[in-house]
Asker: 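Below is one structure. I have some questions about it.
In this text the structure is predicted, and so the values were computed from the model without any measurement.
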Amino acid sequence: MAPALSSGHDQGTAPRSKPTVYLLDNFHPDAMAFCEANFNPITRDNNPDQLATWRVNAQYILIQGSRVTAEDIAAAPHLKAIGKQGVGIDKIDAAACRARNIPILNTPGINAQAVAELVLALALGVARQLGPVFAKQAHGIIVPKEKCTGFELRGKTIGILGMGKIGCAVSKIFGAGFDCPIIAYDPYVPAGAWSNITHERASTLDEVWAKADIITVHMPLTPETRDMISYEQMKAMKPSTILINAARGGIINEQDLECAISQKLILGAGLDCHEEEPPSKEKYGAMWDLGVVSTPHLGGTTADSQRAAGLKAAENLLNFIQNDATALAQSRARH
């Protein structure tokens, strides 16, 4: 259990034994119970007015999908740490945090299996044309099975861009479950990695475009990866290629994707991540008509992964607070 901790600038409203943490988002009930037991949590439910002014007093915040901008950081003079459920930190101004030495305590790898299973679902959905079939049936159109086409995934080559925990989980599902050859690309991982996974390692992206039947993206959105897959890259792919994006919107150029599918340069796509989230019919209706299967960034939102990631984010923050309190006590003892 944590040592007796002061709640800093909220001492007048919180028990001294529990630090005050501002929860900017909702979390799994088990994660909320952990927060109740270990923190003085400020939430939308128990104190919406105080939560709305978190920048004034907060030393610690816990978030899932909320944005934390440079302006937020500048307006939060007491902020010491950000607990983040999930691996992605693109909604947090990391440069502003670094300038203030504010750690972002995220939870990489917790949702790897959930995301990998969704990649499989998207690939199957496109391969078996489930999007158009569902859409027609929803509009009362009878779809005879004789009019349906598609192909099996067994034996198809899977190109994986980014072989972190999610990419490795994807490789195991397709390799073991469907006898799929794996071609992996990740320039940031040293030679000899993934020795427990049967794979071919690509030294260039061009190798992946040429060989893969299904290409799935598992990289962060950075200036280097934005529009990494555009029209020219799609021209280099097989006409039967399926593109999957369960990483971040913006890595695949969506205008070029629509164009490439309509011109039959590639077969189709499954998107859990979009430039506009959640995806709307106004923006993506034409893609959906082309058979693109879309989901609203739900890759990691299984009950299992939400529980595990929420608990891990809260535990990370508690560990930081405990270590911070210990370091402060030791510093005072020395002086």
Asker: If you measure from the Lys or Arg side-chain nitrogens to the Asp or Glu carboxylate oxygens, is any gap between Glu152 and Arg128 under 4.0 Å?
Answerer: no
Asker: Leu120, Ile160: one ILVMFWY side-chain cluster at the under-4.5 Å cut-off?
Answerer: yes
Asker: Could you tell me if the side chain of Pro279 sits less than 4.5 Å from the side chain of Leu271, heavy atoms only?
Answerer: no
Asker: Would a distance-only check, ignoring hydrogens and angles, find a side-chain to backbone donor-acceptor pair under 3.5 Å from Thr225 to Met228?
Answerer: no
Asker: Answer yes or no: does atom CD1 of Ile142 have more than 12 heavy-atom neighbours from other residues, nucleotides or ligands under 6.0 Å?
Answerer: no
Asker: What distance separates Asp324 CG from Gln59 CD, expressed to the nearest 0.5 Å?
Answerer: 8.0 Å
Asker: Check for a donor-acceptor pair, side chain of Asp227 on one end and backbone N or O of Ser230 on the other, with a separation under 3.5 Å.
Answerer: no
Asker: Treating Asn40 as the side-chain partner and Thr20 as the backbone partner, does any N or O pair qualify as donor plus acceptor under 3.5 Å?
Answerer: no
Asker: State, to 0.1 Å, how close Cys273 and Ala247 come at their nearest heavy-atom pair, and which atoms those are.
Answerer: SG-O, 3.2 Å
Asker: For the residue pair Thr69 / Glu71, report whether a side-chain donor-acceptor contact shorter than 3.5 Å exists.
Answerer: yes
Asker: Just by distance, with hydrogens left out, do Thr149 and Gln129 show a side-chain donor and acceptor under 3.5 Å apart?
Answerer: yes
Asker: Determine, using the 4.5 Å side-chain heavy-atom cutoff (strictly less than), whether Val133 and Leu124 are members of one ILVMFWY cluster.
Answerer: no
Asker: So, taking the atom named CD in Glu117 and the one named OG in Ser305, what distance separates them when rounded to the nearest 0.5 Å?
Answerer: 9.5 Å
Asker: Is there side-chain contact between Arg201 and Met163, with at least one heavy-atom pair below 4.5 Å?
Answerer: no
Asker: For Ile215, which of Met237, Gln233, Met234, Lys238 qualifies under side chain to side chain contact (heavy atoms under 4.5 Å, CB included)?
Answerer: Met237
Asker: Go through the side-chain N and O atoms of Glu258 and Ser262 and say whether any donor and acceptor fall under 3.5 Å apart.
Answerer: no
Asker: Treat each ILVMFWY residue as a node, draw an edge where side-chain heavy atoms are under 4.5 Å apart, and state whether Leu122 and Val217 are in one component.
Answerer: no
Asker: If we ignore angles and hydrogens, is there a donor and acceptor under 3.5 Å between the side chains of Glu276 and Ser280?
Answerer: yes
Asker: Could you report the tightest heavy-atom contact between Gly310 and Gln85, atom names first, then the distance?
Answerer: CA-OE1, 3.2 Å
Asker: Which residue pairs satisfy the ring pair (Phe, Tyr, Trp, His ring centres under 6.0 Å) criterion with at least one member in residues 267-320, sequence neighbours excluded?
Answerer: His274-Tyr284
Asker: Do Leu318 and Gln322 touch side chain to side chain, with heavy atoms closer than 4.5 Å?
Answerer: yes
Asker: Which atoms form the tightest heavy-atom contact between Ile244 and Ala123, and what is the distance?
Answerer: CD1-N, 3.8 Å
Asker: Looking at Asn46, is its backbone amide N or carbonyl O close enough to the side chain of Thr43 to form a donor-acceptor pair, meaning the two atoms are under 3.5 Å apart?
Answerer: yes
Asker: Would the distance check show the side chain of Asp272 and the main-chain N or O of Gly299 forming a donor-acceptor pair, the cut-off being under 3.5 Å?
Answerer: yes
Asker: Count the heavy atoms of every other residue, nucleotide or ligand shown that sit under 6.0 Å from CZ of Phe151, and state whether that count exceeds 12.
Answerer: yes
Asker: When you measure from the side chain of Asp93 to the backbone of Ala96, do you find a donor-acceptor pair of N or O atoms at a distance under 3.5 Å?
Answerer: yes
Asker: Taking Asp213 for the side chain and Thr157 for the main chain, is one N or O donor matched with an acceptor at less than 3.5 Å?
Answerer: yes
Asker: Could you measure the distance from the CG atom of Asn196 to the SG atom of Cys168? Nearest 0.5 Å is fine.
Answerer: 7.0 Å
Asker: Can you tell me how far apart NZ (Lys84) and CG (Asn106) are? Round to the nearest 0.5 Å.
Answerer: 7.0 Å
Asker: How close do Ile110 and Ala309 get, counting heavy atoms only, and between which atoms?
Answerer: CG2-N, 3.4 Å
Asker: Is the side chain of Ser195 donor-acceptor paired with the backbone N or O of Gly192 at a distance under 3.5 Å, no angle test?
Answerer: no
Asker: Check whether Leu221 and Val68 end up in the same hydrophobic cluster, where Ile, Leu, Val, Met, Phe, Trp and Tyr are linked by side-chain heavy atoms less than 4.5 Å apart.
Answerer: no
Asker: Quickly, which of Ile61, Asp72, Asn57 forms a side chain to side chain contact (heavy atoms under 4.5 Å, CB included) with Leu79? Name it, please.
Answerer: Ile61
Asker: Which value, rounded to the nearest 0.5 Å, describes the distance between Leu62 atom CG and Asn316 atom CG?
Answerer: 9.5 Å
Asker: Quick one: ring pair (Phe, Tyr, Trp, His ring centres under 6.0 Å) pairs with a partner in residues 181-212, sequence neighbours left out?
Answerer: Trp194-His199
Asker: Okay, side chain of His28, backbone of Asp30: is any donor-acceptor separation there less than 3.5 Å?
Answerer: yes
Asker: Would you say Ile82 and Cys97 make side-chain contact, with heavy atoms under 4.5 Å?
Answerer: yes
Asker: Checking side chain to side chain contact (heavy atoms under 4.5 Å, CB included) between Ile214 and each of Leu267, Leu153, Leu243, Thr241, which is the one that passes?
Answerer: Leu153
Asker: Is there a path of hydrophobic side-chain contacts, each under 4.5 Å between heavy atoms, that joins Val293 and Ile242?
Answerer: yes
Asker: To the closest 0.5 Å, what do you measure between CD1 (Ile141) and NZ (Lys147)?
Answerer: 13.0 Å
Asker: I'd like to check Pro220 versus Asp90 (side-chain heavy atoms, cut-off strictly below 4.5 Å). Are they in contact?
Answerer: no
Asker: Measuring only between side-chain heavy atoms, which start at C-beta, is Lys172 closer than 4.5 Å to Ile197?
Answerer: yes
Asker: Do you know which two heavy atoms are closest between Ala169 and Ala112, and how far apart they sit?
Answerer: CB-O, 4.0 Å
Asker: Restricting to non-hydrogen atoms, name the atom on His218 and the atom on Val119 that form the minimum distance, rounded to 0.1 Å.
Answerer: CE1-CG2, 3.6 Å
Asker: Within the supplied structure, the quantity of interest is the number of heavy atoms (other residues, nucleotides, ligands) at a distance under 6.0 Å from Arg44 CZ; does it exceed 12?
Answerer: yes
Asker: Tell me whether Lys312 at atom NZ has more than 12 heavy atoms from other residues, nucleotides or ligands lying less than 6.0 Å away.
Answerer: no
Asker: Please determine which of Ile158, Thr198, Val170 meets the side chain to side chain contact (heavy atoms under 4.5 Å, CB included) test together with Ile182.
Answerer: Ile158
Asker: When you measure from the side chain of Gln50 to the backbone of Ile42, do you find a donor-acceptor pair of N or O atoms at a distance under 3.5 Å?
Answerer: no
Asker: Do Ser203 and Glu207 have side-chain heavy atoms sitting under 4.5 Å apart?
Answerer: yes
Asker: For side-chain contact (heavy atoms from CB on, under 4.5 Å), just list the numbers for Arg154 and Cys180, CA-CA rounded to whole Å, side-chain angles, deciding distance to a tenth of an Å, and then say yes or no.
Answerer: CA-CA 6 Å; Arg154 182 178 57 180; Cys180 292; over 6 Å; no
